[in-house]
Number of protein chains: 2
Amino acid sequence: MSQPHQSPVKRTTIYDVAREAGVAPSTVSRAFSKPSRVNSNTAARVRQVAERLGYRTNPLARALTTARTHLIALVVADFTNPVFAQLVQGVQQAAADAASTTVLIDAQESDRLERAALERALPIVDGVVLASSRLSDAAIRMISKQRPIVVLNRDIPDIPCVVTDNPHGARRAAEHLRELGHDHITYAAGPEPSWANGIRWRSVLEAATALDIKIRRIGPFSPTIDGGRAAADELRRRPTTAVITYNDQMAIGLIRGLSQLGIDVPGDVSVVGFDDIVAADLVTPRLTTIAAPLFAQGAAATKHLLTMIDGATGHTGQPMVLPVRLIIRDSTARRCPGRRPNPTKTTRGNRLPR
Amino acid sequence: MSQPHQSPVKRTTIYDVAREAGVAPSTVSRAFSKPSRVNSNTAARVRQVAERLGYRTNPLARALTTARTHLIALVVADFTNPVFAQLVQGVQQAAADAASTTVLIDAQESDRLERAALERALPIVDGVVLASSRLSDAAIRMISKQRPIVVLNRDIPDIPCVVTDNPHGARRAAEHLRELGHDHITYAAGPEPSWANGIRWRSVLEAATALDIKIRRIGPFSPTIDGGRAAADELRRRPTTAVITYNDQMAIGLIRGLSQLGIDVPGDVSVVGFDDIVAADLVTPRLTTIAAPLFAQGAAATKHLLTMIDGATGHTGQPMVLPVRLIIRDSTARRCPGRRPNPTKTTRGNRLPR
DNA sequence: TTGAAAGCGCTAACAT
DNA sequence: ATGTTAGCGCTTTCAA
């Protein structure tokens with residue numbers, strides 16, 4: 001039987017070290033917090049004694065006076081949503097590079113939970129990255145009065161934001177579909193209140209118009225696989241040969257749903273998603289998608305947040321926009337004019353990927 | 001131009017409230033931390049004044065004296081590994097239920113990073129959940145001397161652990177394959193040093209032996225899609241009609257690799273994975289797998305940790321083991337005796353799922 | 001039940 | 001460069 005996490009003796013403090021090293025406590029403090037303000041010999045001796053005594057500076061006590069915890073909060077709507085995995089890593093890495101630690105808040109799609117968790121975290125973090133949120137603009141503004149904040153994929157005037165270049169992504173997707181002969185495409189919308197959904201739809205609309213492609217919108221659907229399935233039913237009623245979905249999850253669900261209806265992707269219908277989640281390369285057919293630089297986005301937001309924490313103003317001019325690129329895989333193909341939806345599989349549509 | 005996160009006046013403290021309410025600071029403190037020790041009238045008055053003044057208790061200052069931060073650390077090897085998504089949620093929810101916040105540590109498969117992040121977090125958390133780790137048993141024991149700790153999917157004597165019932169899972173998988181006529185199976189191993197890999201191999205071995213199935217092991221491979229691809233090459237050299245892989249990612253890669261070699265799953269070879277990650281239901285063919293209760297595992301570990309933090313001994317008897325179940329999907333099928341690997345697709349193997 | 005006062009461990013003036 | 005001395009905001013004896 002082991003003795004669990006005992007602290008046999010009191011934690012050693014700067015006072016212990018000070019006494020042992022024959023200096024004042026403040027000198028020990030300086031030796032660790034601002035070494036440049038201490039004679040290098042003294043500093044060396046202090047560190048050595050500290051080492052011997054097993055001294056570790058207590059971040060809590062430090063934070064109490066400095067008002068800096070080196071903790072930042074990351075809020076996401078739902079951790080099982082694969083887009084967030086890379087985002088989290090980006091945030092986590094940028095934070096770690098600045099010797100900060102990330103506090104995780106999964107709102108679990110619940111307004112109440114998000115508020116509660118945020119309320120708990122806010123007093124102990126130096127700032128927050130809001131990766132997705134059910135909070136209103138007003139609520140976010142309230143938070144930004146208490147702590148530095150950076151918002152992802154959402155543009156709130158006067159609040160620092162980092163977004164992806166949806167217009168360019170939509171443009172590339174439209175061009176790609178145009179080249180394949182599609183002259184009429186459908187946008188399958190995500191949640192109505194989502195800022196990202198709004199901008200993506202407008203971007204697709206604009207791109208299609210510019211390229212003389214007819215465009216139509218269906219939805220809104222839930223931004224999930226099931227949402228995509230629902231879109232399939234809707235699409236059958238008003239078919240086009242190409243579809244752009246709000247996100248990859250919907251695209252995957254749409255392809256499923258279509259397949260069930262005997263409609264082949266990309267044989268009968270071409271599908272393009274948004275985001276490039278990991279699964280996009282795993283499904284059959286592999287998904288053509290507009291890839292967002294998820295990791296980079298997390299990292300960029302965090303770096304910006306850290307500079308704000310260090311006193312920079314939020315320079316709340318324009319949102320920072322990150323480049324996207326179109327990744328062409330197997331869910332898009334040349335349009336076969338006059339082809340009718342039918343259950344016979346084409347070679348292409350069924351081939352297992354690479 | 002908004003004024004970012006200003007604090008125009010000093011944060012209000014118990015002293016402000018005390019003065020305004022005409023009581024001592026200690027009374028205000030009690031009114032919030034142990035209301036039962038305060039006259040209910042006074043308590044009410046204090047709370048009301050506090051409300052009016054916008055008082056919020058400062059968790060940092062509280063933690064300094066109570067030595068409780070209500071923070072718990074969660075360590076994983078790699079966030080992009082989909083098994084962790086649900087685990088994180090389980091941990092996060094259990095923590096939130098206990099008014100605690102989760103601190104996230106992504107070791108990014110690096111020993112150094114893990115140590116650094118853990119070192120930073122350890123002094124400020126009440127305990128840690130180690131979901132996967134490159135740390136040695138000895139290192140983990142060191143940590144457990146400083147803070148309560150619960151380890152997942154790894155059995156370290158005298159350290160509280162929660163594991164899944166691999167033996168039962170392996171047994172169910174073997175029975176399933178047996179019923180389909182397979183009498184010779186291969187285990188495609190994951191990383192050699194992984195405790196989970198060890199127990200899974202032994203479990204499969206034992207189950208196969210008990211059911212009079214011939215069993216062979218190949219590997220070790222990286223526990224990833226690419227690792228699975230590598231396993232495909234190896235398998236072709238020494239074929240069996242059924243394979244159990246260390247985890248789902250490998251299973252997905254294996255199916256890919258096999259397909260490239262013109263070998264159909266499940267037509268020619270049946271494949272069973274471990275874990276039931278989200279993608280298992282997304283790939284083609286959908287994966288038969290031994291489902292681990294990931295969310296429950298995270299939640300169970302966290303609840304146990306919280307009781308330890310509240311003073312319970314680690315009751316370090318046997319590891320807590322959670323039930324698994326076999327989920328039969330499309331990657332396993334009846335053995336076709338004498339069938340040779342060939343590039344012709346069967347209907348079954350190519351059918352898009354549901 | 002309430003108050004007074006002494007810390008928790010550190011940092012930050014202010015002196016020297 | 002270093003020491004002295006107040007706090008940071010809260011909890012916690014100890015008395016009353």
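Below, chain A is the first sequence line, B the second, and so on; all start at residue 1.
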Without hydrogens or angle criteria, can the side chains of A/Glu114 and A/Ser133 be said to hold a donor-acceptor pair below 3.5 Å? yes
Would you confirm whether B/Arg147, through its side chain, and B/Val128, through its main-chain N or O, come within 3.5 Å as a donor-acceptor pair? no
Specify the separation, in whole Å, of atom CG of A/Leu60 and atom C1' of D/dC10. 12 Å
Under a 3.5 Å distance rule, please check whether A/Gln93 uses its side chain to pair with a backbone N or O of A/Ala299 as donor and acceptor. no
Can a cation-pi geometry be assigned to A/Arg47 and A/Tyr55, taking NZ or CZ under 6.0 Å from the six-membered ring centre and within 45° of the ring axis? no
Polar side-chain atom of B/Arg68 near backbone of B/Ile309 as donor-acceptor pair, under 3.5 Å: yes
Kindly say whether B/Arg30 contributes a backbone atom to a donor-acceptor pair with the side chain of B/Arg37 at under 3.5 angstrom? no
Rounded to the nearest angstrom, tell me the gap between atom CG in A/Asn58 and atom P in C/dT11. 9 Å
How close or far is atom C1' of D/dG7 from atom CZ of A/Arg62, stated in whole angstroms? 17 Å
Among residues 13-46 of chain A, which contact DNA chain C at a heavy-atom distance under 4.0 Å? A/Thr13, A/Ile14, A/Tyr15, A/Ser26, A/Ser29, A/Arg30, A/Ser33, A/Lys34
If only atom types and distance count, is the side chain of A/Arg154 paired as donor or acceptor with the main-chain N or O of A/Ser132 below 3.5 Å? no
Side-chain (A/Thr69) to main-chain (A/Ile124) donor-acceptor, under 3.5 angstrom: yes
Just to be sure I understand the geometry, which residues of residues 118-126 of chain B put a non-hydrogen atom under 4.0 Å away from DNA chain C? none
Grab the CG-P distance between B/Leu64 and D/dC8 for me, whole Å please. 14 Å
